[in-house]
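A short write-up of the structure that comes next.
Values reported hereafter were calculated over all heavy atoms of this structure, with side chains retained and with hydrogens, waters and symmetry mates removed. In the text below, chain A, chain B and the rest are named by the order of the sequence lines, each starting its count at 1.
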Protein chains: 2
Amino acid sequence: MSDDCVMPLSDVQAEACPIVQIIDRVAGKWSVSILVAATRGPVRYTELERSIPGISRRMLTLTLRNLERDGLLERTVYPTVPPKVEYRATESARGLYGHLTGLLEWAEQHRPDIIEARMEYDRAQALAA
Amino acid sequence: MSDDCVMPLSDVQAEACPIVQIIDRVAGKWSVSILVAATRGPVRYTELERSIPGISRRMLTLTLRNLERDGLLERTVYPTVPPKVEYRATESARGLYGHLTGLLEWAEQHRPDIIEARMEYDRAQALAA
DNA sequence: CAGAATCCGTGAAGATACTG
DNA sequence: CAGTATCTTCACGGATTCTG
């Protein structure tokens, strides 16, 4: 236990950008849908807004910015009138596609189970109170 | 993670559980590590606390409760002294293992790229200002 | 050991209105 | 169309204390 020597390099890097943070960015609530869509093909802003139920403009913009900042999305502006902006997944982000769609499939398949498990848990909890 | 969604039974459950919420629960910041560990084998509370850097007691407990509530974790208490509590992934949660470990692998492999992309983005942003 | 309970600061997230 | 700007609310998450 008492390993009070120098902190390994891996831990230092982990502190600068912990793996948990990357997971959150890449598999976060809104990121999943965006990354999947942007991997299938270039998508426009409003297109994303319509295809992701429940997302607000602010959160869409924020998530897009963050994904772009991390080098997962590429943003292309066409200076037309009205303006046109396309987002597409970068090469490194494409490796996520399989896992993310897998997650989405799992979620859809198990949604009924989750809803029921939740109700049962809450019911048991209500009885205890 | 919308952790405090302990909605009353009167709610319309079918629509109150969007796919995005499931994704958040299942692939959330802390859930990933917990689910992966609990799939590999039964894990104890303190064991999880030690193996997940950066997690607080509160978040560990909260995430465990939510995962249990959704039927993804099974909690077993052994009435020994001192008490022993084990968490293990349920059958339905095991289907997530491949996708989650895939995400973790991707994250580890691309961490250097992300760190650099982030620095470059910030540098470009600083120049624009 | 494995939590529960409490307080509290910070940031996430929504709603709305505005703009080039 | 593709965003900003502003305001507000609420939940995340840390720190601490207590307990069976």
Checklist entry - Can you tell me how far CG of B:Leu60 sits from CD1 of B:Ile55, rounded to the nearest 0.5 angstrom? => result 4.5 Å
Checklist entry - Starting at CD1 of A:Ile52 and ending at C1' of C:dA13, how long is that distance when rounded to a whole Å? => result 15 Å
Checklist entry - Between A:Tyr78 and A:Glu86, is a side chain to side chain contact (heavy atoms under 4.5 Å, CB included) present by the stated rule, with each step listed? => result CA-CA 8 Å; A:Tyr78 300 94; A:Glu86 270 185 3; 3.3 Å; yes
Item to check | Rounded distance in Å - CG (B:Leu64) to P (C:dC1) | outcome: 16 Å
Checklist entry - In terms of the nearest nucleotide of DNA chain D, which residue is placed more toward the 5' end: A:Arg44 or A:Asp24? => result A:Arg44
Checklist entry - Are A:Glu91 and A:Arg94 within salt-bridge range, i.e. N to O under 4.0 Å? => result yes
Item to check | Rounded interatomic separation in angstrom, taking CD from A:Glu86 and C1' from D:dG3 | outcome: 16 Å
Next on the checklist: Rounding to an integer number of Å, can you tell me how far A:Leu48 CG sits from D:dC1 C1'?
Outcome noted: 13 Å
Checklist outcome for this item: In short, A:His99 meets B:Gly98 closest at the heavy-atom pair ND1-O, 4.4 Å
Checklist entry - Within the pair B:Tyr87 and C:dG3, is there a side-chain N or O less than 4.0 Å away from OP1 or OP2? => result yes
Next on the checklist: Output the rounded distance in Å from CD1 (A:Ile34) to P (D:dG3).
Outcome noted: 11 Å
Next on the checklist: Taking B:Glu120 first and then B:Arg118, would you say they form a salt bridge - that is, a charged N and a carboxylate O separated by under 4.0 Å?
Outcome noted: no
Checklist entry - Please give, in whole Å, the distance from C:dA4 C1' to B:Tyr45 OH? => result 10 Å
Checklist entry - Quick one, which residues of residues 72-81 of chain A touch DNA chain C with a heavy atom under 4.0 Å? => result none
Could you list all N or O pairs between the protein and nucleotides 14-20 of chain C that sit under 3.5 Å apart?
residue : atom : partner : partner atom : Å
C:dG14  : OP2  : A:Ser56 : OG           : 3.1

Checklist outcome for this item: Residue pair A:Pro82/A:Thr61 against DNA chain D: nearer the 5' end by closest nucleotide is A:Pro82
Item to check | Value in whole Å for how far the P atom of D:dA5 lies from CG of A:Leu60 | outcome: 17 Å
Item to check | Integer-rounded Å distance: C:dG3 P and B:Leu62 CG | outcome: 12 Å
Next on the checklist: Does anything in residues 32-41 of chain A form a side chain to side chain donor-acceptor pair (under 3.5 Å)? List the pairs, not counting sequence neighbours.
Outcome noted: A:Arg40-A:Tyr97
Next on the checklist: When you compare the side chain of A:Arg25 with that of A:Asn66, does any pair of heavy atoms fall below 4.5 Å?
Outcome noted: yes
Next on the checklist: B:Leu67 and side chain to side chain contact (heavy atoms under 4.5 Å, CB included): which single residue from B:Leu72, B:Leu62, B:Val26 fits?
Outcome noted: B:Leu72
Checklist outcome for this item: Taken in chain and number order and not counting sequence neighbours, the residues that satisfy side-chain hydrogen bond (donor to acceptor under 3.5 Å, both in side chains) with B:Asp122 are A:Arg69
Item to check | Rounded (10°) bend between the five-pair end axes of the helix from C:dC1-D:dG20 to C:dG20-D:dC1 | outcome: 60°
Item to check | B:Ile115 side chain near A:Asp70 side chain, heavy-atom distance below 4.5 Å | outcome: no
Item to check | Contacts of type salt bridge (charged side-chain N to carboxylate O under 4.0 Å, His left out), residue B:Glu68, not counting sequence neighbours | outcome: B:Arg65
